[in-house]
Amino acid sequence: MILNEETIKRFLKLIESSNNIVLLSHFNPDGDAIGSTVGLYKFLREYGKENLCIIYPNEYPENFSFLYEGVNHIISSNGLLNAKQVIKEADLLIYMDLNKLSRTSEELEQYLQEQTAPTVLIDHHINPDKFDVVFSEEEASSTCELTYKIIKKIDSSKLNKEIGKALYTGLCTDTGSFSYSCSRRDCFDIAADLVELGVEVAPLKRQIFDLSSESRLKLLGYLLSEKLRVFPEYRTAYISVSAKELRQFNFKKGDLEGVVNYCLRIEGVEFAALISERQDSIRLSFRSLTPSIDVNKFANKYWNGGGHQLAAGGTSKESLEEVVERFEKQVKSKLYETID
Ligand code: 5GP
Ligand code: MN
């Protein structure tokens with residue numbers, strides 16, 4: 001892990017000499033993007049930094065809104081000019097839970113490239129772009145795990161329950177409630193420390209994973225009963241959903257979170273996909289249960305995306321029907337199998 005004293009010192013120096021710090025994360029922010037940015041934001045505020053802002057390329061799911069009390073943040077898809085102004089005034093840009101600027105948005109990427117403010121990366125995806133200070137560890141369960149370790153090194157006396165709640169959010173969402181990507185003891189040790197800080201696991205788990213609107217539960221029921229396709233001979237199952245169907249169930253951001261994992265509950269299924277028609281593109285989510293199906297490579301090679309070996313995503317500008325047809329062909333040709 002590149003968490004040596006020298007890197008911490010360089011980060012600290014940048015923090016201390018900055019008056020306007022902007023934290024950024026990826027498009028479709030998930031629990032880890034949200035938890036790590038909010039956790040670091042709240043820490044930096046405790047550390048004495050006053051001008052802080054988080055920028056997300058688009059909306060975050062409603063069930064994470066409990067973390068944002070008193071947190072200055074901008075959704076750039078709702079206010080691009082404002083976001084650009086804040087970025088321009090920043091004297092430090094901290095990127096979290098993304099490895100490439102292209103993971104922000106088309107509108108932001110180019111603009112971010114042009115900035116001269118120093119950049120810091122805190123992330124756990126492979127092959128990061130160049131940044132001035134890099135904390136990148138692929139083995140980390142989550143960006144929240146890295147953020148916790150960095151905060152501990154900088155000033156552990158500033159950790160508190162609110163920071164803990166944010167960091168716990170990413171720890172448990174990126175590991176599916178501590179069931180994958182957590183083969184080391186680190187994330188359990190950190191969870192234990194956060195509990196000691198006062199984080200209450202049960203209400204947080206209910207807030208993050210369980211609370212669903214009636215229409216979201218009905219959407220899940222519909223997808224499982226009507227839209228699940230299983231190919232036992234190819235160890236694959238997938239679900240596709242059109243924008244029209246999503247509208248029928250009053251779709252809100254985050255309503256499809258976790259749906260792809262249901263496919264993997266079927267005995268023998270090791271490769272799963274969720275294909276959903278969004279505003280102006282088709283979104284694909286992939287999951288694998290085995291390293292012999294590397295969905296990061298699959299998403300990267302065929303679907304303009306990437307992610308991790310066992311969880312990745314991509315997008316397409318084709319129609320939903322075209323995507324489904326192409327995906328089924330790929331399954332039947334076993335293109336998902338990793339050949340090195
Ligand atoms: P999800 O399927 O939950 O949206 O994403 C699973 C994982 O894949 C996430 O950890 C995310 O980092 C990564 N991911 C999702 N979509 C993309 C994409 O379009 N490009 C890249 N590079 N990574 C993605
Ligand atoms: Mn993450």
Side-chain angles (χ1 to χ4, degrees), residues 23-40 56-61 64 95-106 109 121-129 135-148 166-176 178 180-182 187 190 208-209 238-241 253-264 271-276 278 280-289 293-317 323 327:
L23 300 93
L24 294 115
S25 195
H26 60 78
F27 196 80
N28 288 335
D30 59 5
D32 195 29
I34 289 161
S36 57
T37 46
V38 172
L40 187 63
Y56 300 116
N58 63 344
E59 292 280 4
Y60 52 82
F64 296 115
Y95 292 94
M96 306 189 76
D97 202 37
L98 56 78
N99 53 352
K100 299 185 184 307
L101 295 192
S102 58
R103 291 281 288 132
T104 57
S105 65
E106 270 173 38
E109 182 187 359
L121 177 74
I122 305 176
D123 180 48
H124 66 137
H125 296 91
I126 50 170
N127 300 329
D129 282 350
F135 299 101
S136 165
E137 192 189 27
E138 206 190 315
E139 293 75 32
S141 64
S142 54
T143 300
C144 281
E145 175 180 325
L146 295 178
T147 307
Y148 174 87
L167 298 180
Y168 189 86
T169 297
L171 269 189
C172 71
T173 52
D174 258 27
T175 59
F178 305 97
Y180 47 78
S181 312
C182 51
C187 71
I190 294 168
I208 295 168
F209 290 108
Y238 83 92
I239 291 170
S240 70
V241 58
K253 197 147 198 69
D255 282 0
L256 288 174
E257 209 64 47
V259 170
V260 62
N261 297 312
Y262 282 92
C263 300
L264 295 174
F271 176 47
L274 173 71
I275 305 172
S276 55
R278 304 301 177 91
D280 53 3
S281 62
I282 306 295
R283 171 102 213 109
L284 298 102
S285 265
F286 302 111
R287 296 291 183 274
S288 159
L289 287 182
I293 300 173
D294 184 330
V295 289
N296 170 47
K297 287 188 182 160
F298 180 74
N300 190 262
K301 189 163 177 189
Y302 300 110
W303 297 103
N304 190 31
H308 309 274
Q309 193 180 44
L310 303 181
T315 49
S316 169
K317 293 282 183 195
V323 168
F327 176 73

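Predicted model only: the values in this text are computed from it and were never measured. Here, residue 1 is the first one in the sequence, and each next residue gets the next number. In each ligand, atom 1 is the first atom listed, and ligand 1 is the first ligand listed.
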Quick one about [Y] and [X] (side-chain donor to acceptor, distance below 3.5 Å, no hydrogens or angles considered), yes or no?
X: Ser285; Y: Arg283; answer: no
X: Asn58; Y: Asn28; answer: yes
X: Lys317; Y: Asn304; answer: no
X: Asn99; Y: His124; answer: no

Of all N, O or S atoms in Asp97, which has the smallest distance to the Mn ion (ligand 2)? OD1
Please tell me if the side chains of Leu121 and Met96 come closer than 4.5 Å, counting only heavy atoms from C-beta onward. no
Under the side chain to side chain contact (heavy atoms under 4.5 Å, CB included) test against Asp32, which residue among Thr143, Thr37, Asp123, Thr147 passes? Thr143
Centres of the Phe271 and Phe298 rings: under 6.0 Å? yes
Is it true that some N/O/S atom of His125, main chain or side chain, lies under 2.8 Å from the Mn ion (ligand 2)? no
Students should find this: residues with any non-hydrogen atom under 4.0 Å from ligand 1. What is the answer? Arg103, His125, Arg283, Ser285, Arg287, Gly305, Gly306, Gly307, His308, Ala311, Ala312, Gly313, Gly314
Please state the angle at the Mn ion (ligand 2) spanned by OD2 of Asp32 and OD2 of Asp174: what is it, rounded to 10 degrees? 80°
